[in-house]
Amino acid sequence: MSSLDTQTPATDRLRVGDCVVVLSSREVHTLNTHKVHRITPKSVGVLLVLARRAGQVVTRDELFAEVWPDTLPTNDVLTQAVTQLRKVFAGADEATPYIETIAKTGYRLLVPVAWEQEPQATELQGLEEPATATGPIPAPSVSARSTQRRVRRYVLWIIGVGLLLSTVLMAWLLWRNAAASDAVDGVANATSGSRVLGSPQRPYRLITSTAAYETQPNLSPDGSLVVFAREDATRSSLWIQSTGTATASRLVPAPEGTSDRFPVWSPNGRQIAFARFHPDGACEVLLVSATGGNPRRATRCDGTDMLSFDWSNDGRQLLFGSMTGRYASAGMRLLELDSGRWTSIAYAKGVDDFDYAPRYSPDGKQIGFVRNPQVGDMWVMDADGRNARRLTNDAAEIRGWTWLGPGEMVFGRRVDSESRLYQLDVGSGVLRDMGLDDAQSPAASRHGGNLAFTRDQPQVALFKVPLGSADAAPQRLFASSARDGQPMIAPDGKQLAFTSDRSGAFAVWWGRVGQPDTLQMIEGLRPEARQPMTWSADSRSLLVSGRDSEGVPGIYEVVPEEGHWKRLPVPVNEPLQAIYGPQADRLWVIERDDAQRMQLSLFDRTQTPWKRLATLEGASQVHFDVTGNRLLFTRLASGGLWQVAPDLAAASVKPVQAEVPSRWRYRSWAVAANGAVEYLHIGTTCTSQLSSIDGDGASQCLDDQRFSSGNGFSLSPSGDAAYVAFVVADGGDIGVMRIPARPPRRLIGVAKWLPWLGKLLS
């Protein structure tokens, strides 16, 4: 076999671990299977460079120089090529990693490689003739061999026709069953002659329909009852009802001023654990009989947000996620209910990681959880803490999840202006959209085959709210019946940019305040709702985080009045937010690196590629205070606000506020022109309250009934008004449906068998 040290391939076939790559056709063949994958030319180029230095670290710059010579690629193209190679090689051996990422450096090929000679015809037809005691066995005559080939061909044709007929029969049976299912489960959306029969029936039923907001459902083990939280303006209470048509009844009375949330049913169906929050900030986790009665305390907690817990499968312990405050815990741990003893679970986690909503799988062998749910992913590990691995890679806002079975999950994810449910195969990582819009907080019954969730269809509108005067009325801007959000006023105080689905598609919109006829949509740009937009100092351009047609994240520079935009060559894997600096050639970028860590980086955009000047780890959102010449930022690891010098010098990092913004509302703050920092939150008596963080501590109730959006607002340059998105119509209800069956595996198919038959018959 030839060496791999030369630039020219020795043959057309390269063995990589348990795979063979045919370079001319770009096909990857997995040994001992019939799987064949085709990869892109750039993926082949990356593979050849890694193969020539197998076992050694190859830097990103070296890969760019060899695979993309005389061009200016971004990190995205290299990441896509490596991702494709990993997916193809994972089909050969999921347990063995083929390509290792070296953080902030490059990649390394971990498996052995070798060139293979082209297969010869003699090798395919046979080996040496076996010998007997009296000599070699005579070879069959030409006519005998011809007869054998003819018989084999006829047999294979018969098999092929049989397979084809069985495929047609199976397709017909599946079609008939689907039609019968449609006839039983709902009225088809079709016509009979000239008659319309009706709209399709929903796969779920809404079992609540009150004026209150009902959320956080949890099902009894048999799926016959559901307990949920009912939210009013400033309080929350727990209610229980049948999953059929029935009236809900209150589970347990609560003292005045307290709020009960996060109900979780015990595995035997006899008890419900929940959290009670007190007006003074105290918190306790309580246990109560499923039939009601007096609750008993399991443990104290803290009044901070993002508390999470679940029952162990034997019902003797509660499994808690990361906790903050006086009872802080950096990772997951178990509380033994009889003794009150805590036991920490040893598993791999980063310093800034916050692990939320841990739950045992139905068989008790695994623990699933969400890591950093504000920009997080689904994770799973063994019940003893070993083999922790990430299942998704979206940096998404996760809104609740549940196990469907030992190898299947359902989770809610914010997408554009809504939340949707996705079914996730734990083994393969394959996602399937369940087709439920405006759905979140899923909960499955252990044995009953039911799935409950919250269906929320808010209408969100933009308002200009005068500050400093409680009597001034809010002014509604650019009225519509859609979901408008993230209103960002320009430094000139005349232009407003925001996100909206008012056209039917989620997009960036722009208009002049007080001039509704100037309103226009930025065509062709798909924004992200995770981070707010940022205006340039001259009010001419915007920096917007978004995704391309392939779902790859990026930063876009928009000139909204002209409707023009371009994607910036930000040299990072996953940019989440970008803001302008006082110098036009400097940009700050919040990114998630290859190791899934959040960090703030300063770039010089005049160089090609952009030069990274400094980095500060742990930041989740950033704003620039022009007056104070400082950067203000939040962290995912904890609540609070920090400041740092524009050059990101580590010695300049200082705390501004220890507790707020909270970890969950890390986007609900803004900087005024005079440097004051305002925080938008839910107060004890006010639904949308604006409070000064580092100023005089003044506070103003913007609206005592309507909730505000938590993903961005802005302040006028003069500081006399806030631009806020309020929920003007809401209706959170509990939906219940049968757990959908897994799609049937295709055991027989024409596309699968015909290539195989063709090879045998040739």
Side-chain angles (χ1 to χ4, degrees), residues 100-105 302 304-308 319-334 342-358 367-381 385-398 530 572-577 588-602 612 614-622 631-644 648-667:
E100 178 186 15
T101 298
I102 308 301
K104 301 182 180 180
T105 304
D302 198 295
T304 55
D305 56 354
M306 298 182 69
L307 175 69
S308 62
L319 174 62
F320 282 79
S322 300
M323 294 176 65
T324 60
R326 290 169 292 174
Y327 309 98
S329 172
M332 288 176 272
R333 53 181 178 163
L334 287 162
W342 289 93
T343 304
S344 296
I345 300 177
Y347 65 100
K349 57 183 179 298
V351 176
D352 292 333
D353 289 333
F354 189 93
D355 295 332
Y356 184 71
I367 296 175
F369 58 97
V370 183
R371 177 156 287 176
N372 303 322
Q374 316 95 315
V375 283
D377 291 299
M378 296 301 307
W379 284 67
V380 71
M381 67 182 184
R386 294 182 298 174
N387 302 319
R389 62 186 177 96
R390 188 178 67 252
L391 300 176
T392 63
N393 189 23
D394 293 327
E397 185 177 317
I398 305 294
R530 295 180 294 188
V572 301
N573 181 45
E574 193 164 11
L576 302 177
Q577 181 197 9
W588 291 291
V589 177
I590 294 284
E591 62 170 306
R592 198 168 75 149
D593 64 13
D594 292 339
Q596 313 307 313
R597 294 187 301 260
M598 299 282 286
Q599 61 185 24
L600 170 63
S601 297
L602 173 62
R612 191 190 301 264
T615 297
L616 177 67
E617 293 193 356
S620 59
Q621 181 169 275
V622 63
L631 281 171
L632 297 165
F633 65 95
T634 53
R635 297 181 185 272
L636 281 183
S638 62
L641 186 70
W642 284 263
Q643 70 177 37
V644 66
L648 304 187
S652 66
V653 176
K654 298 178 181 178
V656 176
Q657 224 288 345
E659 297 180 358
V660 295
S662 71
R663 181 184 287 103
W664 189 251
R665 295 184 69 89
Y666 74 101
R667 298 170 294 184

> Does any non-hydrogen side-chain atom of Val572 lie less than 4.5 Å from one of Asp593?
Replying inline: no
> Would Asp377 and Arg592 pass as an ion pair if we require N to O under 4.0 Å?
Replying inline: yes
>> How about CD on Glu659, more than 12 heavy atoms from neighbouring residues, nucleotides or ligands closer than 6.0 Å, or not?
In response: no
>> In the structure I gave you, are the side-chain heavy atoms of Asp352 and Leu636 within less than 4.5 Å of one another anywhere?
In response: no
>> Testing the basics here: between Met378 and Ile398, what is the closest heavy-atom pair and its distance to 0.1 Å?
In response: SD-CG2, 4.2 Å
> Do Leu319 and Ile345 touch side chain to side chain, with heavy atoms closer than 4.5 Å?
Replying inline: yes
> Looking only at heavy atoms, what is the nearest atom pair of Thr634 and Gly640, with distance?
Replying inline: CG2-O, 3.7 Å
>> Tell me the closest heavy-atom pair linking Val589 and Pro575, and the distance in Å.
In response: CG1-CB, 4.1 Å
> Between OG of Ser322 and CG of Leu307, what distance do you get to the nearest 0.5 Å?
Replying inline: 11.0 Å
>> Could you tell me if the side chain of Met381 sits less than 4.5 Å from the side chain of Asn387, heavy atoms only?
In response: no
>> Which heavy atom of Ser329 sits nearest to which heavy atom of Gly331, and what is that distance?
In response: OG-O, 2.9 Å
>> Is there a side-chain contact between Tyr666 and Gln374 in this structure, where contact means two heavy atoms from C-beta onward sitting under 4.5 Å apart?
In response: yes
> Would you call Val370 and Asp355 a side-chain contact if the rule is heavy atoms closer than 4.5 Å?
Replying inline: no
>> Please give me the minimum heavy-atom distance between Glu574 and Ala395, naming the atom from each residue.
In response: OE2-CB, 3.3 Å
> Taking the six-membered ring of Tyr356, is the NZ or CZ of Arg371 close enough (under 6.0 Å from the centre) and on axis enough (within 45°)?
Replying inline: no
> Does the side-chain contact (heavy atoms from CB on, under 4.5 Å) test come out yes or no for Thr615 and Leu600, once each step is laid out?
Replying inline: CA-CA 6 Å; Thr615 297; Leu600 170 63; over 6 Å; no
> In Å and rounded to the nearest 0.5 Å, what is the CG to CG distance from Leu648 to Leu631?
Replying inline: 6.0 Å
> Side chain of Thr343, backbone of Leu334: donor and acceptor closer than 3.5 Å?
Replying inline: no
>> Under the rule for ring pair (Phe, Tyr, Trp, His ring centres under 6.0 Å), what residues qualify as partners of Phe320, not counting sequence neighbours?
In response: Phe309, Trp342
> Is there a side-chain contact between Phe354 and Met306 (heavy atoms, below 4.5 Å)?
Replying inline: yes
> Can you list the steps and then say if Leu576 with Arg530 is a side-chain contact (heavy atoms from CB on, under 4.5 Å)?
Replying inline: CA-CA 8 Å; Leu576 302 177; Arg530 295 180 294 188; 3.4 Å; yes
> Atom CD1 in Ile102, atom CD in Glu100: separation rounded to 0.5 Å?
Replying inline: 3.5 Å
> Under the side-chain contact (heavy atoms from CB on, under 4.5 Å) criterion, do Arg667 and Glu397 qualify, and how do the steps go?
Replying inline: CA-CA 12 Å; Arg667 298 170 294 184; Glu397 185 177 317; 2.7 Å; yes
>> Between Ser620 and Arg635, is the side chain to side chain donor-acceptor pair (under 3.5 Å) condition met? List the steps.
In response: CA-CA 5 Å; Ser620 59; Arg635 297 181 185 272; over 6 Å; no
>> With side-chain contact (heavy atoms from CB on, under 4.5 Å) as the criterion, how do Phe633 and Leu641 come out once you've worked through the C-alpha distance, each side chain's angles and the decisive distance to 0.1 Å?
In response: CA-CA 6 Å; Phe633 65 95; Leu641 186 70; 6.0 Å; no
> Can a donor-acceptor pair be found between the side chains of Glu591 and Gln599 at a distance below 3.5 Å?
Replying inline: yes
> Is any side-chain heavy atom of Ser308 less than 4.5 Å from a side-chain heavy atom of Pro358?
Replying inline: yes
